[in-house]
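First up is the structure itself, then whatever we jot down about it.
The structure displayed is predicted, hence computed values, not measured ones. Sequence lines set the chain letters: A, B, ... in the order given, protein chains first and strands last, and positions in each chain run from 1.
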Amino acid sequence: METLERYRPVIDDFEAFLGACRRPLPSAVRVNPIKASVGEVTAAFDEAGVGWEQAAWNDRVMTVDTDRPGNTWPYFHGWVHGQEVVSSLPATVLDPDPGERVWDAAAAPGSKTTHLAALMDDRGLLVANDSNLGRLSALRSNAERLGVTNVAVTNRDARNFSLKPFGGEPFDRALVDAPCSCEGTIRKNPDALDEWDLRHVRGVAGVQKGILRRAVQATREGGTVVYSTCTFAPEENEGVLDHVLGEEDCRLVETGLEVECAPGVTEWEGEEYDESVRKAARIYPQFRDTGGFFVAKLEVTA
Amino acid sequence: MSDGNSGQQFDRLPSTPDEREVEGRASRREVVDWWTERFAVPPETFDGIAFWEKGAGKVWAFAGEVDSPVRIEGLGMAFMRTRQEHWKPTTEAAQRFGAEAERNVIRLTREQADRFVAGEDQAIDWDGDWGYLIAAHGLAGTDAPLGVGLYLHGELRSRIPKGRRREF
């Protein structure tokens, strides 16, 4: 927990933040409308005697009263995906429509990919890429269990991703749910901070900048790019946005999320970031008893 | 005609047998007809979905559009196995499209369903066809397909793949 001390200057009510980070995270699932309705899922949980509670901002996201949501009938049938509540935010913000062309740049193990497919009604082209071949098999099995048919899976370095297999045409939307230092998963993985290292944070920030730049380039003018991480580190969040705003044709817009959040930070350890990064959303664990998360929405301007 | 099939790329199935260029490759029409004949799944269930082959006989269902052939890691859902005497749907295809089936669906009790998804074979009475059936059970007021079983000699053999099995 000492690692988190570095965020005392930017987090209001820091003691509540630390207290929330020490508590285990409730189990949560997302209803998969490709295979079932919310009513069918809640009826199946009721039949099994599993308690459930819907999130205030999304009736397809619910916490469930079991440690093993993976061992329930709704999970076996692909009616739900075990996914913590904040993990449903990036696809909600990207908000793709059926029939669009969408790129998920760092997709494995597929929680957000399958959420995007659901929002697209399983129609259009969803390209799910990940540089890690081993993790792609988890993505494929999740996508298949959830009944997704509109996903094309690639194994490339997202930083120089080629549009060639997809007709050379840019995407309407792209999601960069970036590999990160994962500090916000501390409630799920109590050892998430054991290997924490500032050099790693700086190194991964370089990768994040490369992926987000490529996502902006690969998206059409007027299209949308969402950037998200599960870390609190400004180097990996606002610092990445600030860099890409300076290098690529894009601007930050409001996320439109109806969840409690703090604005992006504009000053961090002597660095100053573009004022517009305040439009990003920081979700802290003490707000709604969730994991920690960061999400920002960009519009491509050329 | 040559074998012409590759494990390295996805090739879109031809629309009809007349357009076939690769020997042994199923056509889209044959695939859809098979689901209609075997399971009485209405053909329009597959509107907007193209079928692709990667590796001998392994057919994938993909709702998006890309040029054929394409060399990538995955394209939609592994859907069924062709190029053998008895074609066989995957567990995931049975779950996704089997809800529309009205023929060769074997309805299991909860206890039978538990054993089926654990991968066990079990003796069950069944008056219908032998061969690959869609196994289903009642869940939340629906007839929820579990996967594919092979029915032979009074026994339903579970074909749930190891990684998908569950013990409730």
(message) With salt bridge (charged side-chain N to carboxylate O under 4.0 Å, His left out) as the test, pick out the partner of B/E120 among B/R157, B/R166, B/R115, B/R165.
(response) B/R115
(request) Could you tell me which of A/R156, A/H77, A/K35 has the largest number of non-hydrogen atom pairs under 4.5 Å with chain B? (result) A/H77
(message) I need the residue from B/G74, B/P145, B/G76 with the largest number of non-hydrogen atom pairs under 4.5 Å to chain A.
(response) B/G74
(request) Select, from A/G147, A/P165, A/A43, A/G99, the one with the greatest count of heavy-atom pairs under 4.5 Å involving chain B. (result) A/G147
(message) Given heavy-atom pairs under 4.5 angstrom as the criterion, report whether the side chain, backbone, both or neither of B/E65 touches chain A.
(response) backbone
(request) Side chain from CB out, backbone as N, CA, C, O: work out which of these in A/A152 comes under 4.5 Å of a heavy atom of chain B, or both, or neither. (result) both
(message) I'd like to know whether the aromatic ring centres of A/W103 and A/F161 sit less than 6.0 Å apart in this structure.
(response) yes
(message) At a 4.5 Å cut-off on heavy atoms, which part of B/F79 comes close to chain A: side chain, backbone, both, or neither?
(response) neither
(message) Quick one, B/E73 and A/L133 - any side-chain contact, counting heavy atoms below 4.5 Å?
(response) yes
(message) Check this for me, if you would: do B/R83 and B/E53 make a salt bridge, where the nitrogen-to-carboxylate-oxygen distance has to be below 4.0 angstrom?
(response) yes
(message) Counting only non-hydrogen atoms closer than 4.5 Å, does A/E144 touch chain B with its backbone (N, CA, C, O), its side chain (CB onward), both, or neither?
(response) both
(request) Supply the atom-to-atom distance A/K112 NZ to A/L89 CG, rounded to the nearest 0.5 angstrom. (result) 9.5 Å
(message) For chain A, which candidate among B/G141, B/G48, B/A78 shows the most heavy-atom pairs at distances under 4.5 Å?
(response) B/A78
(message) Using heavy-atom distances under 4.5 Å, tell me whether B/A99 contacts chain A through its side chain, its backbone, both, or neither.
(response) neither
(request) Could you check which of B/A93, B/G147, B/G64, B/A144 has the highest count of heavy-atom pairs closer than 4.5 Å to chain A? (result) B/A144
(request) Identify which part of A/T72 has an atom lying under 4.5 Å from any heavy atom of chain B, answering side chain, backbone, both or neither. (result) backbone
(message) Can you give me the closest heavy-atom contact between A/S27 and A/T66, atom names plus distance?
(response) OG-O, 2.8 Å
(message) On a heavy-atom basis, which atom in A/L146 and which in A/I34 lie closest, and how many Å separate them?
(response) O-CG2, 3.7 Å
(request) Could you tell me which of B/D114, B/V70, B/I49 has the largest number of non-hydrogen atom pairs under 4.5 Å with chain A? (result) B/D114
(request) Look at A/R173 together with A/D97 and state whether they make a salt bridge at an N to O cut-off of under 4.0 Å. (result) yes
(message) Taking side chain as everything from C-beta outward and backbone as N, CA, C, O, which of these in A/R145 sits under 4.5 Å from a heavy atom of chain B? Side chain, backbone, both or neither.
(response) both
(message) For A/L139, which atoms come within 4.5 Å of any heavy atom of chain B: side chain, backbone, both, or neither?
(response) neither
(message) Side chains of B/Y151 and B/D129, heavy atoms from C-beta outward: is any pair under 4.5 Å?
(response) no
(request) Specify the closest pair of heavy atoms between B/D11 and B/S68, including all atoms of both residues, with the distance to one decimal. (result) CA-OG, 3.5 Å
(message) I'd like to know which of A/Y75, A/W73, A/W79, A/F45 tops the heavy-atom pair count under 4.5 Å against chain B.
(response) A/W73
